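Here's the structure we're looking at; comments come further down.
Sequence lines set the chain letters: A, B, ... in the order given, protein chains first and strands last, and positions in each chain run from 1. Being a predicted model, the structure only gives us computed values, none of them experimental.
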Protein chains: 2
Amino acid sequence: MDRSSPVPLYFQLAQQLETAIERGKLAPGSLLGNEIELAGRLGLSRPTVRQAIQSLVDKGLLVRRRGIGTQVVHSQVKRPLELSSLYDDLEAAGQRPGTQVLRYAAEEATAQVAAALAVPEGTEVRAVERLRFTHGEPMAYLCNYLPAELLPLGREELEATGLYRLMRGAGVTLHSARQTVGARAATAEEGELLGEPEGAPLLTMQRTAFDDTGRPVEYGTHLYRASRYAFDFQLLVRP
Amino acid sequence: MDRSSPVPLYFQLAQQLETAIERGKLAPGSLLGNEIELAGRLGLSRPTVRQAIQSLVDKGLLVRRRGIGTQVVHSQVKRPLELSSLYDDLEAAGQRPGTQVLRYAAEEATAQVAAALAVPEGTEVRAVERLRFTHGEPMAYLCNYLPAELLPLGREELEATGLYRLMRGAGVTLHSARQTVGARAATAEEGELLGEPEGAPLLTMQRTAFDDTGRPVEYGTHLYRASRYAFDFQLLVRP
DNA sequence: TAGTGGTCTAGACCACCAT
DNA sequence: TGGTGGTCTAGACCACTAA
């Protein structure tokens, strides 16, 4: 514990516990030792220790039972579903993603886009159409709309990284998003773009993302080749 | 505030705030008043008030900014994705779900099922195959596997309600689940069952659910008619 | 400068669980 | 019965934001 660090004590403790769990120093199913004893040993107060433990319970790494103690969860919890960028996900999976910007223009919002971004129909918005590749093969066709005032994006930046990273870098703090995931058959044009025959199953995703003031900051409709992509997530049950 | 109630004070306060937000008594974007003043007014301590506020921040209903205050979020936050039962979801949407149990038997685990349930290959498990209907139309084909010792399920119960509700009722506390959502074309048999032509796009879902000791308690592979079903969820960005 | 949330402490009592 | 987590209090100091 480093009291001179700007990192909060509860966070330091949570990190230490998390790495101990990851490295197997705290075996799955083992008890953590009670909070008061732990607090005394570390020279912290009990609420601080509780805060650290609670953050790991929220992550699904620990389970607390009254009268029993705090246990390390057995299963291989990864992380609950996050609002993640396809680019970052692919990069993290070592897939070396690539992007081809098909279109990047200002245009008037259609009814659908206007409703999603909560602007009047016909308002100018930015439209971005991209193809995402892995290993030189097309993987997804991404069509996104942003409020016009939001970002002066460069085409090169869009080819080099993901949209969310650019938005974060521009000071937009994402807060929540509403997603719909479905499937449908590819049209001839879509098949052409993605290298699939007409009628091939595609995974579809529509997403509206909001910043922390509740303003919509992005609307996207995405198409993924079902033969090469699936959504994978970890869910936690809220107690 | 009812101090004689078994409901914790922070929870009572959180509920009051939540209903006030839902009913518009606390307008989106409005400030909540600072924690200390609020604590004094309600006769509570500041940590208790903070705990109440924090729980609503975790739900995405409030945003806190240092130096500014606590604000009600604008957007229509519903709820983050939960480990939910298709039956309950349909019922909540007023769709009057129905279930036809196609098969309910004990059988030896295949390699895939054994790996998912973390039992040796060939171990006896319970297999349940169901068709789920809405308005008399088939909607999904559900194939689930449970550890043999878990539940003595009746066929009637399976037709009357969802699997998760039955498991909860039998004392199983679900903790987390790992899901994969994808898409593929229907085979002739699948199309027959679901009332779709061969080759029609289907939404696929595989899920393994764990209880709070980390033991796998359910593995399922589900097929949904893409023309009639999509997954819809709300995500929150973890700060 | 004044006000906000972020963090931390040192206690206290209670409900639940195993033995 | 003894030990655990669940809840609650009454303070304290700090970092950040706005005016």
Q) Is a side-chain donor-acceptor pair under 3.5 Å present for Glu218(A) with Tyr164(A)? A) yes
(Q) Expected output is a numbered-order residue list: members of residues 7-22 of chain B with a heavy atom under 4.0 Å from any atom of DNA chain C. What is it? (A) none
Q | Spatial distance of atom CG (Leu9(A)) from atom CG (Leu13(A)) [nearest 0.5 Å] | A | 9.0 Å
Q. What integer distance in Å separates Arg66(B):CZ from dG3(C):P?
A. 18 Å
Q: Scan Arg46(A) against the nucleic acid and name what it touches under 4.0 Å (heavy atoms): base, sugar-phosphate only, or nothing.
A: base
Q: Just jot down the side chain to side chain donor-acceptor pair (under 3.5 Å) partners of Glu37(B), sequence neighbours excluded, or say none.
A: Arg41(B)
**Q.** Test ring-ring contact (aromatic ring centres under 6.0 Å, His included) applied to Tyr87(A) - qualifying residues, sequence neighbours left out
**A.** none
Q | DNA chain D: 5'-most and 3'-most nucleotides touching chain A, 4.0 angstrom heavy-atom criterion | A | dG3(D) to dT7(D)
Q. Which residue, Ile68(B) or Thr48(A), contacts DNA chain C at a nucleotide closer to its 5' end, judged by nearest heavy atom?
A. Ile68(B)
Q. Quick one: on DNA chain D, does Gly33(A) or Arg3(B) contact a more 5' nucleotide (nearest heavy atom)?
A. Gly33(A)
Q: Could you please spell out the steps behind the side chain to side chain donor-acceptor pair (under 3.5 Å) verdict for Asp232(B) and Thr180(A)?
A: CA-CA 4 Å; Asp232(B) 201 14; Thr180(A) 303; 2.9 Å; yes
Q) Taking only residues two or more places apart in sequence or in another chain, which ones pass salt bridge (charged side-chain N to carboxylate O under 4.0 Å, His left out) with Arg64(B)? A) Glu35(B)
Q | Side-chain N or O of Asn34(B) closer than 4.0 Å to phosphate OP1/OP2 of dT4(C) | A | yes
(Q) Can you measure Glu37(B) atom CD to dT4(C) atom P for me and round it to whole angstrom units? (A) 8 Å
Q. Salt bridge (Lys or Arg N to Asp or Glu O under 4.0 Å): which pairs involve residues 105-124 of chain A, sequence neighbours left out?
A. Arg103(A)-Glu107(A)
Q: Answer yes if the ring centres of Phe233(A) and Phe233(B) are under 6.0 angstrom apart, and no otherwise.
A: yes
Q) Rounded to whole angstroms, how far apart are CD on Gln54(B) and P on dG5(C)? A) 12 Å
Q | Test side chain to side chain donor-acceptor pair (under 3.5 Å) applied to Asn144(A) and Arg207(A), Arg130(A), Arg126(A), the passing residue | A | Arg130(A)
Q | Along DNA chain C (nearest heavy atom to each residue), the more 5'-positioned of Arg50(B) and Gly67(A) | A | Arg50(B)
